[in-house]
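Here is how names work: the chains are called A, B, and so on, in the same order as the sequence lines, proteins then strands, and each is numbered from 1.
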Amino acid sequence: MEYNHKDIEKRWQQYWKENNTYKTEVDKNRPKYYVLDMFPYPSGAGLHVGHPLGYIASDIFSRYKRLQGFNVLHPMGYDAYGLPAEQYAIQTGQHPEVTTMQNIARYREQLDKIGFCYDWSREIKTCEPSYYKWTQWAFTRMFKSYFNTKLNKACPISELEEYFAANGSKEVPAHGTEELVFTADEWNAYSQKEKNEILMNYRIAYLGNTMVNWCPKLGTVLANDEVSEGVSLRGGYPVEQKLMYQWCLRVSAYAGRLLNDLDTIEWSDSIKETQRNWIGYSEGAEMLFPVEGKDFQLKIFTTRADTIFGVTFMVLAPESEYVNQLVTAEQKETVEAYLDEVKHKTERERMIEKKVSGVFTGSYAINPITGKNIPVYISDYVLAGYGTGAIMAVPAHDSRDYAFAKHFGLDIVPLIEGCDVSEESFDAKEGIVTNSSNERLQLNGLTVKEAIAKTKIYIKEAGIGKVKVNYRLRDAIFSRQRYWGEPFPVYYDENNQPQVLNDDELPLLLPEVDKFLPTETGEPPLGRANNWVAKNGRPLELNTMPGFAGSSAYYLRYMDPKNENALVSLETNEYWRSVDLYVGGTEHATGHLIYSRFWNKFLYDYGFVCEPEPFKKLINQGMIQGRSNFVYRIKDTNTFVSYNLKKDYDVTPIHVDVNIVSNDVLDIEKFKAWRPEFNNAEFILEDGKYVCGYAVEKMSKSMFNVVNPDDIVEVYGADTLRLYEMFLGPIEQSKPWDTNGIDGVNRFLKRLWGLFFKGEEMVIKEEKASQEALKSLHKLIKKVTFDIEHFSYNTSVSAFMICVNELNAMKCVSKEIYDDLVVLLAPFAPHIAEELWHSLGHETSVCDAKWPVCNEEYLVEASVNYAISFNGKARFNIAVPNGTSKEEVEKMALAHESSAKWMEGKTPKKVIVVPNKIVNIVI
RNA sequence: GCCCGGAUGGUGGAAUGGUAGACACGAAGGACUUAAAAUCCUUUGGCUAUUGCAGCUGUGCGGGUUCAAGUCCCGCUCCGGGUACCA
């Protein structure tokens with residue numbers, strides 16, 4: 001009987017389905033383990049061979065944990081809302097739901113072929129009303145909350161109203177967009193409309209005027225993590241800055257907790273570091289600079305309070321609210337021209353140019369320490385969104401200020417002993433401070449660090465500033481001017497103020513529209529819906545939520561996917577708690593993985609969930625890149641020359657479909673059939689073969705390097721695909737897909753099969769295993785257990801190969817050995833394992849077997865090989881009976897006949913004996 | 001610019017400070033076969049010797065610590081990823 005993967009895989013996939021093998025229920029008698037994959041966006045292109053990499057890794061771990069007796073939750077679903085489906089809908093008129101569901105069906109079909117142990121009864125699609133009800137529900141809770149800075153958590157907004165009624169805005173312990181000032185009496189006299197407007201400044205989900213990344217081509221705003229280098233991540237269209245009234249989530253309030261709690265989770269250092277940078281903690285000082293002849297002060301933020309004596313000018317962001325107050329009559333025209341110019345530059349243009357530009361406001365500020373007058377400029381190198389949108393410029397010690405000062409001929413005053421600022425600024429935070437003392441403050445002679453500390457104390461005491469922590473992390477912009485997303489559960493009341501729907505009105509269903517485009521008046525697509533009003537007849541919000549809304553709490557819903565009364569019941573959440581192992585790509589480091597943590601923390605604040613962090617351990621699988629192949633056409637001919645001969649010709653490389661190339665050798669007949677124009681192509685061969693060139697590129701249709709997992713499954717089987725993807729290299733490493741080694745893994749499975757079957761006959765017998773076979777097996781148990789725990793699957797596969805070769809060589813047919821071997825293999829290659837398991841006479845699924853435990857006794861050797869080295873250089877080996885003492889080993893090594901030769905008659909100075917390893921003799 | 005990774009044969013990659021190159025691919029040679037495929041066996045870092053055992057050298061470069069360094073420390077080079085007028 002030959003190893004027939006098609007037969008085997010079909011049969012056992014059917015068996016698992018019929019027996020509900022992977023169905024999971026809460027079971028308080030067993031310890032739980034929650035393994036999760038980042039759910040995919042079902043794109044039209046289907047899965048390529050890179051997608052399953054992480055899924056296979058998590059599947060192995062899930063199966064392993066289950067065999068160890070854990071109750072494993074391992075679900076899968078789809079991140080179904082997204083731009084591509086909508087773009088496709090705009091082009092074709094096809095409803096995004098239709099294409100999304102088709103894509104999901106395709107994904108499911110592909111996933112099923114690989115033999116994953118997902119509990120599909122828990123499947124989630126983010127576009128289903130029963131799911132997005134809870135996305136909307138969470139939003140309404142955020143709307144009804146503010147962030148209490150004293151308790152460092154979200155609290156009901158009603159508490160804030162009570163506070164205002166009693167105290168006004170004085171020392172309000174709430175995270176607000178702006179600092180508002182009013183008394184209790186004023187608050188109590190405000191109309192409801194005015195009160196609402198004030199509360200909006202504090203809500204966790206709030207409407208605010210914010211600078212947004214506006215993508216005109218996509219017709220929507222984008223979050224910071226959806227933009228890279230001035231273009232949209234999806235589609236690569238230019239993005240510009242625009243002030244818009246948008247829904248936002250007060251993620252920035254959680255910056256401190258998001259930062260600190262990174263220390264409590266097991267993520268890779270690199271991804272934690274990426275998040276730390278994105279959150280961008282910086283401790284500094286906020287300082288007030290009086291403005292000459294005006295009754296107000298400029299507030300700035302700096303981390304270099306020590307450089308106050310070197311401030312020779314100040315700069316405002318073009319969008320800063322100070323601009324209007326500081327521009328003098330004679331400068332008005334120049335400033336307006338500049339602001340206009342800046343506004344029309346996109347982020348991308350600003351970045352590419354990097355040219356110094358700016359204008360003088362006409363006003364002067366007063367340095368609060370030196371009392372000197374300093375000019376105030378406007379320039380686009382200062383960002384409105386960070387700090388206070390205004391800076392004190394210290395050209396001697398900041399390269400950007402330096403460039404600006406040089407350009408406008410402003411003073412540069414060095415403040416560090418011995419630094420040279422004639423060519424460039426001295427940015428390092430080190431050295432001894434000079435030029436920095438007067439009757440108010442003396443910093444000369446101090447180190448930079450000391451000077452910063454002293455200045456902070458001074459400005460606090462003098463009442464000209466305070467110590468302040470700033471975060472780079474911005475609030476998340478939560479509105480999208482799109483159709484294919486969750487509708488906001490929001491209507492606008494008679495004052496045109498937003499109100500959230502009651503829980504019993506959720507979910508608010510996504511309405512039908514005639515076209516998926518903005519309305520003629522420029523409203524988002526929902527403006528086209530008929531009768532888009534709440535029960536009370538008031539108009540509903542026209543924006544929809546962004547992609548990350550649905551993916552922020554999906555891991556909670558898997559725990560209790562059918563619950564109609566809660567996102568997840570408290571009891572169920574108490575059992576499953578949080579994700580123990582999360583597997584996915586690094587590309588979500590600053591998006592989904594921040595938003596999810598934020599969302600979870602918000603729910604945690606109200607006790608809706610019991611864990612403060614959603615994902616305990618995170619493994620990032622690397623990307624699988626494409627490996628493209630090229631043929632080389634001699635210019636102006638239809639003749640193709642083989643790779644190593646191309647240097648003699650003038651050739652054009654042409655991408656060729658990797659599916660008609662094998663081990664870089666072109667299948668000439670298939671090539672001719674591939675494209676009509678190659679029908680009568682001619683070839684210059686080497687050694688009778690046409691060898692192709694290759695390059696590592698992104699896997700994409702246009703490079704003809706997409707490898708479909710279905711094709712691999714068809715030819716080699718799912719088990720080979722699974723083993724091979726793991727064998728390719730460390731899971732976290734990116735690597736090109738290269739089919740050149742898949743035969744080796746396939747051969748291994750055939751060899752394994754050959755151990756069980758000779759011809760039609762099953763040869764495994766109930767007989768006692770030899771010591772030799774037991775040793776081989778237990779070596780494997782130890783290695784594979786260790787490797788799985790450390791996600792080192794590639795070395796596990798190697799270990800299987802070695803073990804099978806050893807068993808083959810010793811002609812082992814003992815069932816005792818193969819029972820355990822099959823269980824060990826089950827996580828990696830479940831189909832063949834299940835087949836062999838049943839062949840061994842077991843009635844139940846191998847998924848319910850017990851993971852074997854290594855018995856160290858079998859591994860003990862009768863004798864141990866010591867490498868004898870001289871001055872660190874290994875020379876020969878000796879065998880020593882196991883358990884020999886260090887001293888005895890030393891004696892035996894020195895007494896060995898070969899030792900005399902290497903010691904050259906000298907007496908050893910020192911002998912080091914490393915147990916079971918090495919004897920090093922120093923001469 | 002800053003932050004984080006990485007560099008080991010023709011290739012993918014192994015190696016708790018302890019005999020570098022496991023395992024696999026590819027290649028070469030051989031067996032079986034009329035032949036091919038499949039399968040099996042041998043060799044396979046480099047250099048020298050291979051009519052002998054063997055010897056030397058070797059983990060991007062330059063130093064250091066150590067009895068012993070691919071591994072630890074210092075200084076570079078190159079490659080990959082993230083991020084950026086963040087004051």
Side-chain angles (χ1 to χ4, degrees), chain A residues 2 228-229 268-278 280-282 284-285 300-305 307 314-315 317 350-351 353-356 379-383 385-394 397-401 403-404 427 470-474 586-587 589-590 622-623 625 663-664 694 696 723-724 727-730 732-745 747-748 750-751 754 786 792 794-802 805 865-877 908-923:
Chain A
E2 288 274 297
S228 177
E229 296 184 4
S268 72
D269 288 339
S270 74
I271 206 155
K272 281 190 188 178
E273 202 53 35
T274 307
Q275 289 214 342
R276 283 192 192 104
N277 292 340
W278 189 260
Y281 176 91
S282 101
I300 60 96
F301 175 77
T302 181
T303 52
R304 292 297 301 274
T307 58
M314 301 190 76
V315 189
R350 277 199 207 181
M351 216 137 50
E353 282 180 21
K354 253 191 180 173
K355 221 166 62 187
V356 178
S379 174
D380 64 1
Y381 84 86
V382 174
L383 305 176
Y386 185 76
T388 62
I391 60 151
M392 62 177 217
V394 187
H397 302 290
D398 183 288
S399 53
R400 296 154 302 177
D401 298 346
F404 193 84
D427 289 18
N470 243 316
Y471 293 99
R472 202 189 78 117
L473 185 67
R474 304 264 72 86
T586 42
E587 66 272 19
T590 55
M623 291 236 278
Q625 297 137 309
N663 288 349
D664 289 338
Y694 73 90
V696 174
L723 282 170
Y724 185 59
F727 186 65
L728 218 45
E732 304 210 276
Q733 195 170 301
S734 287
K735 54 230 153 189
W737 175 261
D738 181 355
T739 323
N740 291 348
I742 198 163
D743 289 320
V745 174
R747 256 174 247 162
F748 155 72
K750 285 181 185 163
R751 256 197 297 266
F786 181 87
S792 174
N794 55 332
T795 51
S796 280
V797 178
S798 297
F800 277 115
M801 291 176 176
I802 294 167
N805 283 345
N865 251 354
Y866 275 83
I868 311 299
S869 64
F870 295 85
N871 287 343
K873 198 157 205 74
R875 291 300 176 184
F876 60 91
N877 292 336
K909 283 185 196 140
K910 199 174 176 187
V911 180
I912 294 114
V913 179
V914 181
N916 303 328
K917 284 263 161 97
I918 234 170
V919 182
N920 191 21
I921 299 163
V922 186
I923 41 177

Notebook entry, point to check: Which nucleotide in the list C85(B), G13(B), G18(B) gets nearest to the side chain of Asp380(A)?
Noted result: C85(B)
Margin query: What is the distance, to the nearest angstrom, from the CE atom on Met392(A) to the P atom on C86(B)?
Written below: 15 Å
Notebook entry, point to check: Taking atom C1' of G18(B) as reference, at what distance in whole Å does atom CZ of Phe876(A) sit?
Noted result: 16 Å
Check: Picking from G13(B), G18(B), C86(B), which would you name as closest to the side chain of Pro730(A)?
Finding: G13(B)
Check: When you compare A7(B) with A87(B), how far apart are their C1' atoms, in angstrom units rounded to a whole number?
Finding: 37 Å
Item checked: Base-pairing mate for G80(B) - Watson-Crick or G-U, with both contacts under 3.5 Å -> C4(B)
Notebook entry, point to check: G60(B) and A24(B): how far apart are their P atoms, nearest whole angstrom?
Noted result: 25 Å
Next item on the list: Ignoring the backbone of Lys910(A), work out which of G13(B), C67(B), C85(B) is nearest its side chain.
Entry: C67(B)
Notebook entry, point to check: Ile391(A) or Pro736(A): which one's nearest nucleotide on RNA chain B is closer to the 5' end?
Noted result: Pro736(A)
Item checked: Side-chain H-bond candidate by donor/acceptor type, Ser282(A) with Asn470(A), under 3.5 Å -> no
Notebook entry, point to check: Paired with A15(B) by Watson-Crick or G-U wobble geometry, both distances under 3.5 Å: which nucleotide is it?
Noted result: none
Checklist line | G75(B) and C3(B), which share atom name P, separated by this distance in whole Å | finding: 13 Å
Note to self: What's Arg276(A) touching, base or sugar-phosphate or nothing? Going by heavy atoms closer than 4.0 Å.
What the structure shows: nothing
Next item on the list: Name the nucleic acid region contacted by Asp401(A), choosing base, sugar-phosphate or nothing; use a 4.0 angstrom heavy-atom cut-off, strictly under.
Entry: nothing
Item checked: G13(B) phosphate, OP1 or OP2, under 4.0 Å from Gln733(A) side-chain N/O -> yes
Check: With a non-hydrogen cut-off below 4.0 angstrom, is Asn805(A) in contact with a base, only sugar-phosphate, or nothing?
Finding: sugar-phosphate
Check: With rounding to whole Å, what would you report as the distance between U11(B) and G18(B) at their P atoms?
Finding: 26 Å
Margin query: Between Arg747(A) and U39(B), is there a contact of a side-chain N or O with OP1 or OP2 at under 4.0 Å?
Written below: yes
Next item on the list: Please name the pair of heavy atoms, one in Ala305(A) and one in Ala285(A), separated by the smallest distance, quoted to 0.1 Å.
Entry: CB-CB, 4.4 Å
Notebook entry, point to check: Where the side chain of Ile912(A) is concerned, which of C86(B), G18(B), U83(B) is the nearest nucleotide?
Noted result: G18(B)
Next item on the list: In whole angstrom, give me the gap between the P atoms of A36(B) and A31(B).
Entry: 11 Å
Checklist line | A38(B) pairs with, by Watson-Crick or G-U criteria that keep both distances under 3.5 Å | finding: none
Checklist line | Closest non-hydrogen atom pair between Asn871(A) and Asn920(A), with its separation | finding: N-OD1, 3.5 Å
Margin query: Rounding to an integer number of Å, can you tell me how far Glu732(A) CD sits from G82(B) P?
Written below: 16 Å
Notebook entry, point to check: For the side chain of Trp278(A), counting heavy atoms from C-beta on, which of G26(B), U83(B), A87(B) is nearest?
Noted result: U83(B)
Note to self: Regarding Ser798(A) and Thr795(A), do their side chains bring together a donor and an acceptor under 3.5 Å, going by distance alone?
What the structure shows: no
Item checked: Selection from C25(B), C86(B), G13(B) that lies nearest to any side-chain heavy atom of Lys735(A) -> G13(B)
Note to self: Does the structure show a Watson-Crick or G-U wobble partner for A22(B), both distances under 3.5 Å? Name it, or say none.
What the structure shows: none
Next item on the list: Between G6(B) and A15(B), how far apart are the P atoms? Round to whole Å, please.
Entry: 13 Å
Note to self: Using the side-chain heavy atoms of Asn920(A), tell me which of these nucleotides is nearest: G18(B), G26(B), A87(B).
What the structure shows: G18(B)
Note to self: Suppose we define a pair by two distances each less than 3.5 Å, Watson-Crick or G-U wobble; what does U33(B) pair with here?
What the structure shows: none
Item checked: Comparing Ala867(A) and Ser282(A) on RNA chain B - which has the more 5′ nearest nucleotide -> Ala867(A)
Check: Taking CG from Asp743(A) and P from A27(B), how many angstroms apart are they, rounded to a whole number?
Finding: 11 Å
Checklist line | Anti versus syn assignment for G9(B), with syn defined as within 90° of 0 | finding: syn
Next item on the list: Can you tell me the distance, in whole Å, between the CG atom of Asn865(A) and the C1' atom of G18(B)?
Entry: 14 Å
Margin query: So that I know where these two stand, are Trp278(A) and Tyr471(A) an aromatic pair - ring centroids less than 6.0 Å apart?
Written below: no
Item checked: Side-chain donor/acceptor contact of Asn740(A) with base of C25(B) under 3.5 Å -> no
Check: CD of Glu587(A) versus C1' of U83(B): gap in Å, rounded?
Finding: 16 Å
Notebook entry, point to check: What integer number of Å spans the C1' atoms of C25(B) and G63(B)?
Noted result: 38 Å
Check: Taking O4'-C1'-N9-C4 for purines and O4'-C1'-N1-C2 for pyrimidines, is C32(B) syn (within 90° of 0) or anti?
Finding: anti
Margin query: In whole Å, I'd like the distance from the CD atom of Gln625(A) to the C1' atom of G12(B).
Written below: 13 Å
Next item on the list: Could you tell me whether Ile802(A) contacts a base, only the sugar-phosphate backbone, or nothing, with contacts defined as non-hydrogen atoms closer than 4.0 Å?
Entry: sugar-phosphate
Check: Of the candidate nucleotides C86(B), A24(B), U39(B), which contains the atom at the shortest distance from the side chain of Arg472(A)?
Finding: C86(B)
Next item on the list: For the residue pair Ile868(A) and Asn877(A), establish whether any side-chain heavy-atom pair is separated by less than 4.5 Å.
Entry: no
Next item on the list: Could you tell me how the ring of Tyr724(A) sits relative to the ring of Trp737(A): parallel (under 30°), tilted (30 to 60°) or perpendicular (over 60°)?
Entry: perpendicular
Margin query: I need the minimum non-hydrogen distance between Ala393(A) and Val315(A), along with the two atoms involved.
Written below: CB-CG2, 4.4 Å
Next item on the list: Starting from C1' on C3(B), measure out to CG on Asn277(A) and report it in whole angstrom.
Entry: 5 Å
Next item on the list: Choose from U57(B), G26(B), U16(B) the nucleotide whose nearest atom is closest to any side-chain atom of Lys917(A).
Entry: U16(B)
Notebook entry, point to check: Parallel, tilted or perpendicular: which describes the rings of Phe301(A) and Tyr386(A), with under 30° parallel and over 60° perpendicular?
Noted result: perpendicular
Next item on the list: Rounded to whole angstrom, note down the C1' distance from U77(B) over to U44(B).
Entry: 32 Å
Check: Watson-Crick or G-U wobble partner for U71(B), using a 3.5 Å limit on both distances?
Finding: none
Next item on the list: Tell which nucleotide pairs with A27(B), taking only Watson-Crick or G-U wobble pairs whose two distances are both under 3.5 angstrom.
Entry: U43(B)
Check: What's the closest nucleotide to the Lys873(A) side chain, out of U57(B), C86(B), A24(B)?
Finding: U57(B)
Next item on the list: Hunt down the Watson-Crick or G-U wobble partner of G9(B), both distances under 3.5 Å, from any strand shown, or write none.
Entry: none
